[in-house]
Amino acid sequence: MAFVDLILVGWIPTAEIFLRALEDAVPKATLSQFAEKDIGGIIILGGAIEGGRISIDRGEVSIGSSAERITKAFELIRKYPDLPYIFSGYSARLLPQGLSEADAFKQLVQEQGLNQAMAHYENQSRNTYENVLFIKPMIAEYGSKGDFDQPKPWLLITSASHMYRSVKIFQKQGIQVIPVPVDYQTANTLHWWRFDLEDGAQNWNKLVHEVIGLVGYWVTGKI
């Protein structure tokens, strides 16, 4: 059984086939189809910034494996300088230390010389559901309105594997978003010959995390 477990974890396609389906569940929006005047703002969900002792001792903001959430945010902030943007996230750690993710992102914005006039931060949420609940009034306050006084859709940046659950929660709360998935872990074709225990374990971790989240949020009526 231990040998079978190793094969299932290390043989990349066993998790990759399901993880790819999850990452492809919400198609990436083609941003060239949207003019700036048609977008309400930019939402960046936390989950990429590492806190903890190392960050405190070294005095540097530490970005984890989901760094594309941050780099894509910087790209879009520069591309749409007149749009408001909200970073949402406190910490996913059980025992948080140091800056919240939102405060760390604020520091990065300052270091990168980005437009701070349109910046807004939510630094209380501990999970995706709280992300949406806490930024909902901020979206209503800072987002521009379209025809019939309806809020314009906001760009949503998060990991591809996390996008489906995130979009469902926003929809449940009546918020329209334009998905900008990043941090893909799978390609368009499966790597049938690959065996890697480290990559396999990471893929299984992401897949199981999202499946448990989806089931839990569905049972509790959050999606």
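Computed from a predicted structure; not experimentally measured.
- In this structure, CZ on Arg69 lies 11.5 Å from OG1 on Thr71, to the nearest 0.5 angstrom.
- Atom CD of Gln173 is separated from atom NZ of Lys136 by 4.5 Å, given to the nearest 0.5 angstrom.
- For the pair Trp154 and Ile42, the tightest heavy-atom approach, listed with the atom from each and the gap, is CE3-N, 3.3 Å.
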Q: Run the numbers on Val109 and Tyr121 for side-chain contact (heavy atoms from CB on, under 4.5 Å), then give the verdict.
A: CA-CA 11 Å; Val109 166; Tyr121 303 95; 3.9 Å; yes
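- Glu130 contributes a side-chain N or O that, together with a main-chain N or O of Arg126, makes up a donor-acceptor pair within less than 3.5 Å.
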Q: Determine, step by step, whether Phe170 and Ile43 satisfy the side-chain contact (heavy atoms from CB on, under 4.5 Å) criterion, reporting the C-alpha distance in whole Å, the side-chain angles of both residues, the deciding distance to 0.1 Å, and the verdict.
A: CA-CA 11 Å; Phe170 276 101; Ile43 299 167; 3.9 Å; yes
Q. Stepwise, does the side-chain contact (heavy atoms from CB on, under 4.5 Å) test hold for Thr158 with Ile44?
A. CA-CA 7 Å; Thr158 190; Ile44 309 106; over 6 Å; no
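- For the ring-ring contact (aromatic ring centres under 6.0 Å, His included) test, residues two or more places apart in sequence or in another chain that qualify with Phe74 are Phe105.
- We find the CG-CD1 distance between Leu83 and Ile39 to be 6.0 Å, quoted to the nearest 0.5 Å.
- From Leu114, atom CG reaches atom NZ of Lys106 across 14.0 Å, with rounding to the nearest 0.5 Å.
- Looking at Ile139 and Ile175, their side chains come closer than 4.5 Å, going by heavy atoms from C-beta outward.
- Taking the charged nitrogens against the carboxylate oxygens, Glu23 and Arg20 have no contact shorter than 4.0 Å, which rules out a salt bridge.
- Take Tyr217 and apply the side chain to side chain contact (heavy atoms under 4.5 Å, CB included) test, not counting sequence neighbours, and it matches Asn127, Thr128, Tyr129, Arg165, Ile169, Lys222, Ile223.
- Annotation: side chain of Tyr164 is in contact with side chain of Leu214 (closest heavy-atom distance under 4.5 Å).
- Taking all atoms of both residues into account, the shortest heavy-atom contact from Ser100 to Tyr90 is CB-CD1, 3.3 Å.
- A distance of 11.0 Å separates OG1 of Thr186 from CD1 of Ile17, quoted to the nearest 0.5 Å.
- Using modelled atom types, one side-chain atom of Gln185 and one backbone atom of Asp183 make a donor-acceptor pair closer than 3.5 Å.
- Between Pro84 and His120, the closest side-chain pair of non-hydrogen atoms falls below 4.5 Å.
- When all heavy atoms of Ser161 and Leu22 are compared, the closest pair comes out as O-CD2, 3.5 Å.
- Closest of all the heavy-atom pairs between Gly47 and Glu101 is N-OE1, 2.8 Å.
- Of the inter-residue distances, the one linking Asn131 atom CG with Ser166 atom OG reads 7.5 Å to the nearest 0.5 angstrom.
- Few gaps surround NZ on Lys152; more than 12 heavy atoms of other groups in view lie less than 6.0 Å from it.
- Contact check for His162 versus Leu45: side-chain heavy atoms found under the 4.5 Å cut-off.
- When all heavy atoms of Tyr184 and Pro181 are compared, the closest pair comes out as OH-CG, 3.2 Å.
- With no hydrogens or angles considered, a side-chain donor-acceptor pair links Glu122 and Ser88 at under 3.5 Å.
- Contact detail for Pro81 and Asn115: the closest heavy-atom pair is O-ND2, 2.9 Å.
- Residues Gln171 and Gln176 are not in side-chain contact: their nearest non-hydrogen atoms beyond the backbone lie 4.5 Å or more apart.
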(Q) As a quick check of understanding, evaluate side-chain contact (heavy atoms from CB on, under 4.5 Å) for Ile178 and Leu156, giving each step before the final call. (A) CA-CA 6 Å; Ile178 301 169; Leu156 174 62; over 6 Å; no
